[in-house]
There are 2 protein chains.
Amino acid sequence: MSFPANPQITTRKQPQQARSNDLVNAILQAAIQVLQTEGAQRFTTTRVAERAGVSVGSLYQYFPNKAAILFRLQTDEWQQTSDMLSAILQNTQHQPMVRLRQMIVAFIQSECEEASMRQALDDAAPLYRDAPEVADARAQTKALYQQFMLELMPDVEAKQREIASELMMNTIKTVGKSFSDESHGAAKILAFSNAMADMLCAYVEKLNT
Amino acid sequence: MSFPANPQITTRKQPQQARSNDLVNAILQAAIQVLQTEGAQRFTTTRVAERAGVSVGSLYQYFPNKAAILFRLQTDEWQQTSDMLSAILQNTQHQPMVRLRQMIVAFIQSECEEASMRQALDDAAPLYRDAPEVADARAQTKALYQQFMLELMPDVEAKQREIASELMMNTIKTVGKSFSDESHGAAKILAFSNAMADMLCAYVEKLNT
DNA sequence: ATAGAATACGAATAATTATTCGTATTTAAA
DNA sequence: TTTAAATACGAATAATTATTCGTATTCTAT
């Protein structure tokens with residue numbers, strides 16, 4: 001294991017008045033900019049406060065520590081992605097296999113668009129990775145996938161379906177990340193997405209036989 | 001992008017006498033221990049030197065900076081993995097598909113065994129990631145895969161085969177990493193390896209049709 | 001208008017870190 | 001044995017950092 005678990009990552013005073021609400025938003029926007037322009041290594045509370053045009057002291061009134069800011073950014077991003085995936089996977093107007101393809105294309109596309117932000121957040125992950133809130137988010141995504149897999153391969157034995165679910169979820173997420181580490185043209189992105197969809201579809205068809 | 005590219009990561013004086021050779025080895029061993037027991041965040045040159053029972057000054061005579069030590073560890077690990085994969089993939093006594101399965105099982109197994117070391121090295125990756133030597137190593141692995149893919153699907157159009165090669169290589173590497181982030185029993189490891197092999201084989205068969 | 005709560009400030013603190021360099025010791029060749 | 005190169009040492013340096021806390025300002029409710 002790495003280093004002592006983080007003490008707190010969420011709690012501290014909530015903004016009540018309008019000005020403090022603005023301040024928190026300014027900090028989050030500044031945090032994104034610092035992360036993208038300076039990288040995870042140079043992401044410091046002082047720099048974020050400076051960029052936001054506020055005092056470090058003010059920052060610490062709403063975030064208990066540096067990791068909390070990063071965790072908040074990551075959480076917001078996870079929420080966006082999760083919403084997008086839900087919308088596609090639960091749209092019963094299309095056949096399951098079609099939805100799978102749509103989802104893969106949309107996910108890879110999205111990863112490529114936010115590549116620099118994502119990489120910086122990944123670099124900073126050791127700072128918040130061990131927080132229990134992270135496990136919660138993962139569990140939620142896992143549940144979403146498993147429900148969809150039930151629809152995708154209803155007749156496959158439960159045990160095998162769960163492994164397949166883990167494998168496919170893992171593949172989409174990590175291969176998408178890795179692919180987006182290098183920048184690609186739109187055509188390459190589409191070709192790669194389709195290849196991944198082909199691969200997963202071939203696997204599902206095989207399991208359904 | 002992240003932060004200024006690393007100045008040097010390899011060059012500095014080579015050990016000539018026996019004692020300096022021992023010293024370098026002691027440093028590398030100590031570096032592994034520090035990385036595993038303290039994590040990437042607490043990996044410092046002073047700690048490594050202390051653990052090795054040598055002076056920091058001595059350390060800096062053979063490594064130009066902290067990143068160089070980490071890069072050396074990563075390089076050594078890459079070399080081991082690369083040797084293992086070569087041995088399996090180039091063993092023409094087995095059919096290509098069989099070799100693919102063997103390779104996947106062996107790779108996942110190996111990733112799970114060295115999980116803590118690998119994760120710590122990944123956490124430290126931002127420190128050496130941008131070095132040109134890293135690109136060289138990646139290119140070498142890519143070539144190995146592409147040669148094998150030629151054998152695995154000789155009749156597939158070159159363009160498509162290259163994408164498939166990238167996808168499969170990426171899948172094995174990143175999904176293996178991600179899977180090994182959590183610890184699993186031997187049965188689970190085998191089941192997951194087989195699932196991955198099933199998936200990749202299904203894809204190859206589909207392409208070969 | 002005014003008191004108390006909320007908010008904002010930012011210099012100061014305490015800790016950690018990577019790396020250097022002047023000096024001492026050891027080795028190998030003459 | 002002498003000498004120069006190689007090696008080893010580790011205190012000192014210079015820089016960076018996360019976080020606090022005493023004080024000043026602004027808001028809100030009465």
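These figures come from a predicted structure and were not determined experimentally. Sequence lines set the chain letters: A, B, ... in the order given, protein chains first and strands last, and positions in each chain run from 1.
Residues A:Gln109 and A:Ile189 are in side-chain contact: their nearest non-hydrogen atoms beyond the backbone lie under 4.5 Å apart. Side-chain contact check for B:Met168 versus B:Lys173: every heavy-atom pair is 4.5 Å or farther apart. At least one side-chain heavy atom of B:Leu100 sits under 4.5 Å from a side-chain heavy atom of B:Phe148.
Ion pairing between a basic and an acidic side chain is recognised when a charged N comes within 4.0 Å of a carboxylate O; B:Asp76 and B:Arg72 show such pairing. Look at B:Asp122 and B:Arg118 and you find a salt bridge, because one of the NZ, NE, NH1 or NH2 atoms lies within 4.0 Å of a carboxylate O, short of that distance.
Toward the 5′ end of DNA chain C lies the nearest nucleotide of A:Gln61, the other residue of the pair B:Tyr60 and A:Gln61 mapping further downstream. Comparing A:Pro64 and B:Pro15 by the nucleotide of DNA chain D whose heavy atom lies nearest to each, the residue mapping closer to the 5' end is B:Pro15.
Checking C:dA18, C:dA6, C:dA8 against every side-chain atom of A:Gln16, the shortest atom distance belongs to C:dA6. When the nucleotides C:dT19, D:dT19, C:dC9 are ranked by their closest atom to the side chain of A:Val54, C:dC9 comes out on top. With D:dC27, D:dA18, D:dC9 as the candidates, the nucleotide lying closest to the side chain of A:Arg19 is D:dC27. The listed nucleotides are C:dT26, C:dG10, C:dT7; the one nearest the side chain of A:Tyr62 is C:dT7.
A straight line from CG of B:Asn25 to P of D:dA8 spans 12 Å, rounded to a whole angstrom. Distance, A:Asp22 CG to C:dA6 P: 18 Å, rounded to whole Å. Straight-line distance from the CD1 atom of B:Ile27 to the P atom of C:dA18: 14 Å, rounded to whole Å. Counting to the nearest Å, the C1' atom of C:dA6 and the NZ atom of A:Lys13 are 7 Å from each other. Atom-to-atom, CG of A:Leu23 to C1' of C:dA6 comes out at 12 Å; the value is rounded to the nearest Å. Taking atom CZ on A:Phe63 and atom P on D:dT20, their separation rounds to 15 Å, with Å as the unit.
Qualifying side chain to side chain contact (heavy atoms under 4.5 Å, CB included) partners for A:Gln140, counting only residues two or more places apart in sequence or in other chains: none.
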Item to complete: Would you check, one step at a time, whether the test side chain to side chain donor-acceptor pair (under 3.5 Å) holds for A:Asp83 with A:Gln79?
Response: CA-CA 6 Å; A:Asp83 289 348; A:Gln79 192 59 55; 3.1 Å; yes
Item to complete: Just do the side chain to side chain donor-acceptor pair (under 3.5 Å) check on A:Glu151 and A:Gln147 with the steps written out, would you?
Response: CA-CA 7 Å; A:Glu151 220 179 324; A:Gln147 191 195 341; over 6 Å; no
Discussion item. For B:Phe192 and B:His184: C-alpha separation, side-chain torsions, deciding distance, then whether ring pair (Phe, Tyr, Trp, His ring centres under 6.0 Å) applies.
Written reply: CA-CA 10 Å; B:Phe192 191 82; B:His184 306 281; 7.4 Å; no
Atom pairs, protein N/O to nucleotides 28-30 of chain D N/O, distance under 3.5 Å:
none

Identify each atom pair where a protein N or O and an N or O of nucleotides 13-17 of chain D are less than 3.5 Å apart, giving names and distance.
residue: D:dT17; atom: OP1; partner: A:Arg47; partner atom: NH2; Å: 3.1
residue: D:dT17; atom: OP2; partner: A:Arg47; partner atom: NH2; Å: 3.4

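Taking 4.0 angstrom as the limit, A:Ser58 places a side-chain polar atom (N or O) nearer than this to OP1 or OP2 of C:dC9. Within the structure, a side-chain polar atom (N or O) of A:Ser20 is placed less than 4.0 Å from OP1 or OP2 of C:dT7.
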